[in-house]
Asks: 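This is the structure I have questions about; it appears just below.
FYI, side chains are in, hydrogens and waters are out, and symmetry mates aren't considered; it's all heavy atoms of this structure.
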Amino acid sequence: MECAEISAHLSEYLDGALDAQTMIAVENHLQTCEECKKAFESLQSLVLELGDLDHIKAPHDFLEQLHDRMANRFLLSELIKKLFIPFKVKIPLQFATAVAMLILIFSIIHTPDIKKEIAGIPKKGGDAEGVYELGTKNDLEAKQKKDTPAPVAEIIKPVAPYPEKQLTLLPREAEPPTITSRSKKTTAQPLSQGKAYLRKPAEEKAGVEPEPSVKEVSEPVELVMVLKLKEEPASKVLSPDEVLSRIRDLINNVKGTVLSTEYDQNTHQPESIHAEIPAEQYGFLCEKLQQLGIFRFPAPAVEGKALKHLKIHIRFIHS
Amino acid sequence: MRKGNIPPIRPTPDDAALVRAFQAGDTDVFDELVLRHKDNIFNLCYRFLGDYHEANDSAQDVFIKVYRSLKKFRFQSSFSTWLYRVAVNTCKNRIKSLDYRFKKRMRRLDSHDPTNGSNPSLEFADESPSPMAELEKKERSLLVQKAVESLPGSKRTMIILRHIEGLSYDEISDITGCNLGTVKSKLARARSDLRKKLRGVLKNGMCRD
């Protein structure tokens, strides 16, 4: 046998796992070959070293530790068993419960009133009658004395059968009062009964009742804004008609339609204007209106609905 | 027991009898099985993983697995062979786990290393007579342990089962699922690798005549 062949058998030779013939051949070779003998001795030495390694014992409390771990694991498995087994029954039930909870939460969050509350917009119902409860002049005056030094006294009346948001304009230095909204839809009424009359654009132009608008209005929301007109320098005093004209221009610029204008019966000065504008132009219009006057309250926010058009009612306060 | 009566000498039941008792519903006998094999399994785990805590965790994992599966044991091999098989697989999986690799890198200085004489929790089966001899033995043990740990999985398994646990080729074949020829050849290669790794150690007075 060659040394390479012997070398391959050394491991089995060491363990006595060779057949008798090979065993004798290896033994004879080792007696004559010094290299193979050294390799065998090295292997023997290795085996002895491995055999001399200490036998590491388990800790004394191994069994106790094992019991603790098993108890914990079995507690967990018991819990899982209680929660999920039988899988075919409990998993679908839990899934259904989770879905129901999600739907409930989703519907609560997306309820319009709650959305308004979240967004800081007054809600339609119940407790939002503040402004309308201030239906008497004395009440409102009392409130305004308390709230602001500026004597802006207005009695807000519902105007249109749409959900409205009421804002009243104050001088900028004054603290804005709480935003309120009306609670019920009411029929349209003139702003100050017996003192005002309505004129629609067609009447103004030709004295003829205009055709009803054919433009499709998808649930328009009517917003009431009260605008206190700015006191311009004496040289640039704008007459009420000029202001009205400017506002009409603005409405026309945003592709809106002036529905009607209210005038005071005694002074014949414009009191308010009703218009319909595209919803996306609402912000732009508010900005422009602020150049002419100051809102009693911040411009009402438009709800997140996909509104196409808005009806706005701008009421003027002449300083 | 009445006074004066000599308790009957009951033969210690073998593993198979304990397993049958367990399967019959006497789960308390499992403790006896644990006490019988815990040291061997612990030593195997320690030699595989090289860390006392890891070995402890893994050895416990082995017995937990065995406890869960013991009712399904069909006596196709001896209980100890099956136990070793579970232990080897548990250790191999542990070595593969990311957690083990991370811990191996970050192995704490206060790890319970058998070479650390200040570690009170380790118990050696024998004691060296002199401190110098003890120290020398520990150093050699550490080098050998490191060399064994550096072997790849199957070679490490062969060395540990054959030389540390002292199992026969047939038992190793049963545990690993390799046939006898494969066991022999893998063991020969593992020894050869280990001899190369420990060449310096074996030459320096380690060769035995």
Asks: Compare every heavy atom of B:Tyr169 with every heavy atom of A:Glu12, then report the nearest pair and how far apart it is.
Replies: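 So the two residues come closest at CA-OH, 4.3 Å.
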
Asks: Show your reasoning for whether salt bridge (Lys or Arg N to Asp or Glu O under 4.0 Å) applies to B:Asp61 and A:Arg69.
Replies: CA-CA 9 Å; B:Asp61 283 344; A:Arg69 276 188 65 180; 2.3 Å; yes

Asks: Could you walk me through whether A:Ile56 and B:Tyr52 pass the side chain to side chain contact (heavy atoms under 4.5 Å, CB included) check?
Replies: CA-CA 9 Å; A:Ile56 309 294; B:Tyr52 191 86; 4.3 Å; yes

Asks: Would you call B:Arg191 and A:Asp15 a salt bridge, taking side-chain N to carboxylate O under 4.0 Å as the test?
Replies: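 Salt bridge: yes.
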
Asks: Quick check on B:Ile41 against chain A: is it the side chain, the backbone, both or neither that has a heavy atom closer than 4.5 Å?
Replies: neither

Asks: Which heavy atom of A:Gln65 sits nearest to which heavy atom of B:Asn56, and what is that distance?
Replies: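 That closest heavy-atom pairing would be OE1-ND2, 2.7 Å.
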
Asks: Taking A:Lys57's backbone N and O only, do any of them form a donor-acceptor pair with B:Asp39's side chain (distance below 3.5 Å, no angle check)?
Replies: no

Asks: Does the side chain of A:Leu50 reach to within under 4.5 Å of the side chain of B:Leu194, using non-hydrogen atoms?
Replies: yes

Asks: Within this structure, what is the CE-OG distance for the pair B:Met158 and A:Ser11, rounded to the nearest 0.5 Å?
Replies: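 One gets 11.5 Å once the value is rounded to the nearest 0.5 Å.
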
Asks: Give the member of A:Ser7, A:Ala17, A:Ala8 that has the highest number of heavy-atom pairs under 4.5 Å with chain B.
Replies: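 Heavy-atom pair counts peak at A:Ala17.
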
Asks: In sequence, state the C-alpha distance, the side-chain angles, and the governing distance for B:Arg140 and A:Leu53, and then conclude on side chain to side chain contact (heavy atoms under 4.5 Å, CB included).
Replies: CA-CA 9 Å; B:Arg140 285 204 314 270; A:Leu53 282 176; over 6 Å; no

Asks: Which pair of heavy atoms, one from B:Phe42 and one from A:Ala58, lies closest together, and at what distance?
Replies: CG-CA, 3.6 Å

Asks: Counting only heavy atoms closer than 4.5 Å, note whether B:Arg189 contacts chain A via side chain, backbone, both or neither.
Replies: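 No part of it gets close to chain A.
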
Asks: Could you tell me whether the side chain of A:Glu49 reaches within less than 4.5 Å of the side chain of B:Leu198, counting heavy atoms only?
Replies: no

Asks: What's the separation between atom NE2 in A:His55 and atom CD1 in B:Ile164, rounded to the nearest 0.5 Å?
Replies: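 Result: 9.5 Å between the selected atoms.
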
Asks: Quick one, A:His67 and B:Asp31 - any side-chain contact, counting heavy atoms below 4.5 Å?
Replies: yes

Asks: Does NZ belonging to B:Lys65 count more than 12 external heavy atoms closer than 6.0 Å?
Replies: yes

Asks: I would like to know whether A:Met70 and B:Tyr67 meet side chain to side chain contact (heavy atoms under 4.5 Å, CB included); could you show each step before the answer?
Replies: CA-CA 9 Å; A:Met70 284 168 82; B:Tyr67 183 88; 3.1 Å; yes

Asks: Set out, in order, the CA-CA distance, both residues' side-chain angles and the distance that settles side chain to side chain contact (heavy atoms under 4.5 Å, CB included) for B:Lys38 and A:Leu63, then state yes or no.
Replies: CA-CA 9 Å; B:Lys38 68 183 171 77; A:Leu63 192 60; 5.8 Å; no

Asks: Are there over 12 heavy-atom neighbours, none belonging to A:Glu64, within less than 6.0 Å of that residue's CD?
Replies: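 Enclosed: over 12 neighbouring heavy atoms sit under 6.0 Å from CD of A:Glu64.
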
Asks: Determine the minimum heavy-atom distance between A:Leu43 and B:Arg195, stating which atoms define it.
Replies: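 Looks like N-CD, 3.6 Å.
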
Asks: More than 12 non-hydrogen atoms from neighbouring residues, nucleotides or ligands closer than 6.0 Å to NZ on A:Lys90, yes or no?
Replies: yes

Asks: Between B:Ile160 and chain A, which part of the residue has a heavy atom less than 4.5 Å away: side chain, backbone, both or neither?
Replies: neither

Asks: Identify which part of A:Leu10 has an atom lying under 4.5 Å from any heavy atom of chain B, answering side chain, backbone, both or neither.
Replies: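 Neither the backbone nor the side chain of A:Leu10 comes within 4.5 Å of chain B.
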
